[in-house]
Structures are given as C-alpha cells and as structure tokens.
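Just follow the structure's listing: the first ligand is 1, and inside any ligand the first atom is 1. Here, residue 1 is the first one in the sequence, and each next residue gets the next number.
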Amino acid sequence: MPDLFTPMHLGDIAIPNRVLMAPLTRCRAGAGFAPTALNAQYYAQRAGSGLLISEATCIEPRAHGYPSVPGIHTPQQVAGWRLVTDAVHAAGGRIVCQLWHVGRVSHSAYQPGGAPTVSSAAVAKASAVRLPDGSRVPADAPRALTSREVWEVIEHYRQAARLAKEAGFDGVEMHGANSYLPEQFLRDGLNTRTDEWGGTLENRARFHLEAVKACVDVWGPGRVGVRLSPSGAYADLTESNPRGTYGYLVQRLDDMGLAYLHIMEAWVGDEAKTRRELPWWEPIPVSYFRGLAKRTPIIVNSGFTFEKATAYLREGWADAVAFGRLYIANPDLAERFKRGGAGAALNTPDESTFYTPGERGYTDYAGME
Ligand SMILES: Cc1cc2nc3c(=O)[nH]c(=O)nc-3n(C[C@H](O)[C@H](O)[C@H](O)COP(=O)(O)O)c2cc1C
C-alpha cells in the first residue's frame, strides 16, 4: 500500500516522495518578467518535495495578466529560470515548468501595444482583473482569435516547452485549469465558435490536446503533465456537462501516455455559498477520473492534509498529492510530514503576503527546529 513516502515514477520523472508542491503564483519576478536569485532561493528551500511545479509561467507576451509574474519567452527569462533550476537541482530536487496563457483573464494594459486581450469568444470576464499596479478594474472585452491564430498560440506552447528545456527544467505542465485560455476553449459557457476549435466536444477539447501534443513533441510524453480543474468555478466560466466534458478530455489525455494528470478537486472557499451563487456548479471527486485514466498517474490537489492525502493514496484514487498553501508556509513540508505524520507541527500561511514583493512571506518562513 503506497504512502506519501513511497518513491514512484511520474512518467520518466523518478520522485522520491509523493508530497508535491502545487503551482503557486507569487508575483515576485524581476525585470523583464525574469526570475531572480530570490526566486531561486525560494524554490531551493522547497527541494525536499518529490516534485516542484513552478508558478504559472507565461508562454508569450499576450499570455500575461497579473503583475510581476514570470515568462518563458525571452532569453533573459530563460537565464532567470536557469538560476532556479540549478539551485533546485543542487539541493537535490526536481522541478517542472507550468506553462500558462491567461486569455481573457487579463487587461489591455498587459497586452502588446495596448491591444485587446484574446480568447475563444469576444465576451468579457464579468469579474474584475488586476492592473500591473495592483489595482482592480473591470476586465475589458477580448477579441476572438481566428482559427489560424489559435494554431499560432499552439506554436507558442511548443516554443515555451523548448525554452523550458533550455532553462534546465525536468519537464513541463500544461496549465489547463482555472478558467484560463485552454478552458476558455473547453467550456461551452463561453466557446460558441463554429470552426474546428468550437461546436462539438471534440472541437472544444482540441486546444488542450494540441497544446499538450506540442509539449510532447519537445519533451516526449514522459515529461509532460497537464493540470485540470473540472470542479473549478473561477472567473465565471460555466460548463453544462462537466462530467462528460472532462471525462472525454481525461480519456484522450490518458491515451497519450503522459507523465501525469494533475486534477484539482473543488477549489472554492465555501461550498454552500458557491452552490447558492452558481447553480450549475458540480464538484467531481477525483475517483471519477481514476476510473477513466487507466495508465496515467494522477496527482490530486486542493485542501489536502496529511491524513486526507494518505487516505487518497490508500484508496488508490490518486498516486501523489500536491500541496499549495501548506508549501508556502512550510518550505520543508515533506520532511515535516515524514517526521511528524498527521501530528506534524505546521506554520500557518499568511495570506497578506501571498502576492507582495520581497522576502517577507516568501523566503522567511521558518524550517523545522
Ligand atoms: C497564492 C496562490 C497562488 C496560486 N497560483 C497558482 C498557479 O500559478 N497555477 C495554478 O495552477 N494554481 C495556482 N494556485 C492554486 C494552487 O495550486 C492550489 O490549487 C490551491 O492553493 C489549493 O491547494 P491547497 O489547498 O493545497 O492550497 C494558487 C493558489 C494560491 C493560494
């Protein structure tokens, strides 16, 4: 019976434990959206994790939509990431790069030449977005990408996957979750296209599958993962048939023999409130996907504790568990779990410093005594 400390392979990536670090945007990239020595220190502190998944990293200039998040589309950014991957490897860890395109979850203030943001359809996100100075404003209307332009975006995934290799990562994770561009194509609440990128389920799922294929072309399937949020209710993006849509997608991804599927269970604060406000919302347990993904390891995430993680591994619903907020506050989380199990003493994450600049709340959480 595996536990959190049973070594395993995620495709071609050998991991010594199953306590993984979830991707975490921390808004602390340096000039030119390039990682810095401070970012390298932060990741290296967490190298005891079986696998670090980097913060979401923008694949092209139009992919940006948050202040001070890193990219992987310029030589300066590749050099910055090299600092990170070298520091992680020197500390004995492994790290994959989460490849990100926000689509309409952005603002023209981030876009080259102040152009409109891009998406599957010309419908603005109803809720606010953050400007580069941190203030919140209504999202402005995106422009629907043409069919040919969507293929160009897929080429940006390929190029970013190449640059991630050049930067020394151990693989890539296609960020297919949380209502960003891939889900803006997948979900029928937004995608009303009539070309090969919309209409049928097969067409709506094409973006995820082609973006992942582009990564596989560069890395081989054994070093490519994909993150999905079938229960996600973020950024007012609805889906009329989550089980059918994500079930189909997971089966097609499973056919590709990937390193892993990274599935978020419900990522919402208050379930009762969410149900009232979003009647369409249907949380799906990861066990549903276990039955559909016959060959691909599953990483599960969202709201996990040591006990819950151990139970999921024991039941066979997932193969590894990613921890987000606990890793922010506990750089040595895997070691703490190993030593203390369910009773491990843990620091509490300070939400007020999740997205603020500098060391505070970033590299200054205390390790174990
Ligand atoms: C500060 C913060 C930043 C996040 N950034 C990302 C991100 O860059 N990419 C992503 O896929 N999810 C992101 N998430 C979601 C986390 O990866 C994770 O799914 C979430 O925190 C739930 O897991 P937890 O309960 O273990 O914290 C972020 C969450 C937080 C709190």
Side-chain angles (χ1 to χ4, degrees), residues 4 18-29 33 35 39 42-43 46 49-59 63-72 84 95-103 105-106 130 134 172-183 208 211 225-235 237 260-271 274 283 286 298-309 312 318 320-330 333-334 336-337 346-357 360-362 365:
L4 284 171
R18 303 175 185 212
V19 183
L20 314 190
M21 180 165 138
L24 293 159
T25 291
R26 304 302 309 276
C27 299
R28 285 165 169 89
F33 308 109
N39 305 137
Y42 162 80
Y43 282 106
R46 289 158 177 77
S49 162
L51 182 68
L52 304 173
I53 303 168
S54 83
E55 65 208 273
T57 301
C58 300
I59 62 165
H64 289 258
Y66 292 83
S68 301
V69 301
I72 183 111
V84 173
I95 182 167
V96 296
C97 186
Q98 193 189 45
L99 301 182
W100 195 23
H101 199 308
V102 299
V105 186
S106 181
R130 234 175 246 291
V172 293
E173 174 176 294
M174 205 289 280
H175 189 348
N178 296 348
S179 302
Y180 297 114
L181 190 58
E183 281 204 326
H208 273 83
V226 55
R227 189 172 222 219
L228 302 176
S229 53
S231 305
Y234 178 64
L237 196 55
Y260 63 82
L261 293 168
H262 184 175
I263 296 181
M264 298 169 70
E265 286 198 324
W267 165 229
V268 284
D270 171 2
E271 201 172 312
T274 306
V286 74
I298 291 182
I299 302 171
V300 70
N301 165 252
S302 297
F304 278 76
T305 58
F306 178 90
E307 287 107 311
K308 187 172 169 185
Y312 271 53
V321 181
F323 298 87
R325 288 160 294 174
L326 285 181
Y327 249 118
I328 290 179
N330 298 279
L333 185 66
R336 283 177 193 248
F337 281 165
L346 298 175
N347 301 323
T348 308
D350 172 7
E351 283 187 32
S352 74
T353 53
F354 279 2
Y355 305 111
T356 52
R360 209 165 70 77
Y362 191 55
Y365 283 104

Does a side chain donor of either Y312 or E265 reach within less than 3.5 Å of an acceptor in the other side chain? yes
Any N or O on [X] sitting closer than 3.5 Å to an N or O of ligand 1?
X    : result
Y355 : no
F323 : no
F304 : no
A22  : no
E55  : no
R26  : no
G303 : yes

Which is it for F323 and S49 under the side-chain contact (heavy atoms from CB on, under 4.5 Å) test, yes or no, and what are the steps along the way? CA-CA 10 Å; F323 298 87; S49 162; over 6 Å; no
Taking only heavy atoms of [X] into account, list the atoms of ligand 1 that are under 4.0 Å away from them.
X    : answer
M264 : 19 (O)
Q98  : 7 (C), 8 (O), 9 (N), 10 (C), 11 (O)
N178 : 10 (C), 11 (O), 12 (N)
R325 : 21 (O), 24 (P), 25 (O), 26 (O), 27 (O), 31 (C)

Give a yes/no on ligand 1: does L326 have at least one heavy atom closer than 4.0 angstrom to it? no
Is it true that S302 lies under 4.0 Å from ligand 1, counting heavy atoms only?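 Heavy atoms of S302 do come under 4.0 Å of ligand 1.
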Could you check whether the rings of Y66 and Y180 sit parallel, tilted or perpendicular, using 30° and 60° as the cut-offs?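 Geometry flag for Y180 against Y66: perpendicular rings.
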Just say parallel, tilted or perpendicular for the rings of Y42 and Y362, cut-offs at 30° and 60°.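 The arrangement is parallel - the two ring planes meet at less than 30°.
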Minimum non-hydrogen distance to atom 26 (O) of ligand 1, winning option of S54, G324, C27: G324
Taking the minimum heavy-atom distance to atom 14 (N) of ligand 1, which of P23, G232, S229 ranks first?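 Minimum heavy-atom distance to atom 14 (N) of ligand 1 goes to P23.
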Please give me the minimum heavy-atom distance between A329 and N347, naming the atom from each residue.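 Scanning both residues, the minimum pair turns out to be O-ND2, 2.8 Å.
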Which part of L24 is near ligand 1, with near meaning a heavy atom under 4.0 Å away: side chain, backbone, both or neither?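 Under 4.0 Å from ligand 1, L24 contributes backbone and side-chain atoms.
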Going through the checks in order, is the side-chain contact (heavy atoms from CB on, under 4.5 Å) test met by H208 and E183? CA-CA 8 Å; H208 273 83; E183 281 204 326; 4.3 Å; yes
Strictly distance-based, threshold 3.5 Å: is any side-chain N or O of R325 a donor or acceptor partner for the main-chain N or O of P349?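 Answer holds: no.
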Hey, is the main chain of L261 close enough, under 3.5 Å, to the side chain of R227 for a donor-acceptor pair? no
I'd like to know whether R28 forms a side-chain contact (heavy atoms from CB on, under 4.5 Å) with T356, so could you lay out the CA-CA distance, the side-chain angles of the two residues, the decisive distance to 0.1 Å, and finally the verdict. CA-CA 7 Å; R28 285 165 169 89; T356 52; 3.4 Å; yes
Would one find more than 12 heavy atoms of other residues, nucleotides or ligands at under 6.0 Å from atom CD of E307?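 Enclosed.
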